[in-house]
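These notes concern the structure reproduced below.
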Amino acid sequence: EVQLVESGGGSVQAGGSLRLSCAASGFTFDRYAIAWFRQAPGKEREGVSCISSSDGSTTYADSVKGRFTISSDNAKNTVYLQMNSLKPEDTAVYSCATEFSCGSRWSDPYYGIDYWGKGTLVTVSS
């Protein structure tokens, strides 16, 4: 059974940091890319970052570049999202998902995704 389990969400003040984890099981981890998405109340789900487990290449949404860092520990089948300098507009449910690749459509939540985690809530207060 394929599982993606997120953890690490919580409440933090603006300027603070959180590290999210996405623990994967039930599939060959290094054959997929893993992406983080987020969905704020009343908004569309958007791609945050993507990492290729095979070669470690990464990509980010413009809104988080320079503040968020995605990384992967293939030995633990886990992808992390280090989030620094958090802003109130980062408040959302963050979910990880398997991607075929971090290609040009990685941030499209309706394309190329086989599995989703249930998400973890991040709340940033001003």
Side-chain angles (χ1 to χ4, degrees):
E1 178 187 8
V2 173
Q3 281 194 316
L4 296 170
V5 180
E6 303 93 339
S7 61
S11 297
V12 64
Q13 289 192 323
S17 298
L18 285 172
R19 189 177 81 153
L20 306 184
S21 299
C22 171
S25 61
F27 62 97
T28 305
F29 186 72
D30 60 5
R31 292 186 181 177
Y32 284 86
I34 301 290
W36 283 98
F37 289 81
R38 68 185 181 185
Q39 188 166 22
K43 294 190 176 181
E44 292 287 321
R45 182 175 279 172
E46 64 172 345
V48 174
S49 184
C50 185
I51 186 166
S52 172
S53 299
S54 60
D55 65 7
S57 58
T58 61
T59 189
Y60 297 91
D62 288 343
S63 58
V64 305
K65 278 181 183 175
R67 300 188 298 121
F68 290 11
T69 302
I70 192 170
S71 62
S72 177
D73 185 338
N74 285 12
K76 296 182 179 179
N77 284 7
T78 299
V79 170
Y80 303 98
L81 186 69
Q82 178 66 44
M83 307 187 296
N84 299 330
S85 303
L86 282 162
K87 305 175 182 180
E89 52 264 43
D90 294 318
T91 295
V93 174
Y94 286 71
S95 302
C96 58
T98 59
E99 293 260 21
F100 178 71
S101 75
C102 296
S104 60
R105 296 188 66 177
W106 73 268
S107 62
D108 183 343
Y110 303 103
Y111 178 82
I113 294 175
D114 291 329
Y115 304 104
W116 288 95
K118 292 183 178 180
T120 185
L121 176 63
V122 172
T123 303
V124 184
S125 58
S126 58

On a heavy-atom basis, which atom in [X] and which in [Y] lie closest, and how many Å separate them?
X	Y	answer
A33	C102	CB-SG, 3.6 Å
V122	L18	CG1-CD1, 3.9 Å
T120	E6	CG2-CB, 3.9 Å
I34	C96	CG2-CB, 4.2 Å
S21	W36	O-CH2, 3.5 Å
A92	A40	CB-N, 3.8 Å

With side chains defined as the heavy atoms from C-beta onward, is the minimum distance between [X] and [Y] less than 4.5 Å?
X	Y	answer
D90	R67	yes
V79	I70	yes
F27	L4	yes
Y32	S101	no
V2	S25	no
S53	R31	no

If hydrophobic clusters are built by linking Ile, Leu, Val, Met, Phe, Trp and Tyr wherever their side-chain heavy atoms come under 4.5 Å apart, do [X] and [Y] end up in the same one?
X	Y	value
V93	V64	no
M83	V12	yes
I51	V48	yes
L81	L121	no

Taking the cut-offs as 6.0 angstrom to the six-membered ring centre and 45 degrees off its axis, would you call R38 and Y94 a cation-pi pair?
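Output no; distance or angle outside limits.
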Does any N or O in the side chain of T91 come within less than 3.5 Å of the main-chain N or O of E89, such that one atom is a donor and the other an acceptor?
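Answer holds: no.
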Please check: side-chain N/O of S126 versus main-chain N/O of P88, any donor-acceptor pairing under 3.5 Å?
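Answer holds: no.
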Please find out if less than 6.0 Å separates the ring center of F68 from that of Y60.
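No, the ring centres sit 6.0 Å or more apart.
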Using 0.5 Å steps for rounding, measure from the [atom1] atom of [X] to the [atom2] atom of [Y].
X	Y	atom1	atom2	result
D108	R45	CG	CZ	11.5 Å
Q82	S17	CD	OG	5.5 Å
C50	R105	SG	CZ	14.0 Å

Kindly indicate, with the supporting measurements, whether the criterion side chain to side chain contact (heavy atoms under 4.5 Å, CB included) is fulfilled by Y80 and L20.
CA-CA 6 Å; Y80 303 98; L20 306 184; over 6 Å; no
More than 12 non-hydrogen atoms from neighbouring residues, nucleotides or ligands closer than 6.0 Å to CD on Q13, yes or no?
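No, because the 6.0 Å sphere around CD of Q13 holds 12 heavy atoms or fewer from other groups.
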Do K65 and D62 sit within salt-bridge range, that is, some charged N less than 4.0 Å from a carboxylate O?
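Yes, K65 and D62 are salt-bridged.
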Does any donor atom in the side chain of D30 or S54 lie under 3.5 Å from an acceptor atom in the other side chain?
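D30 vs S54: no donor-acceptor pair found between side chains.
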Pair F37, W116 - check ring-ring contact (aromatic ring centres under 6.0 Å, His included), show working.
CA-CA 10 Å; F37 289 81; W116 288 95; 5.0 Å; yes
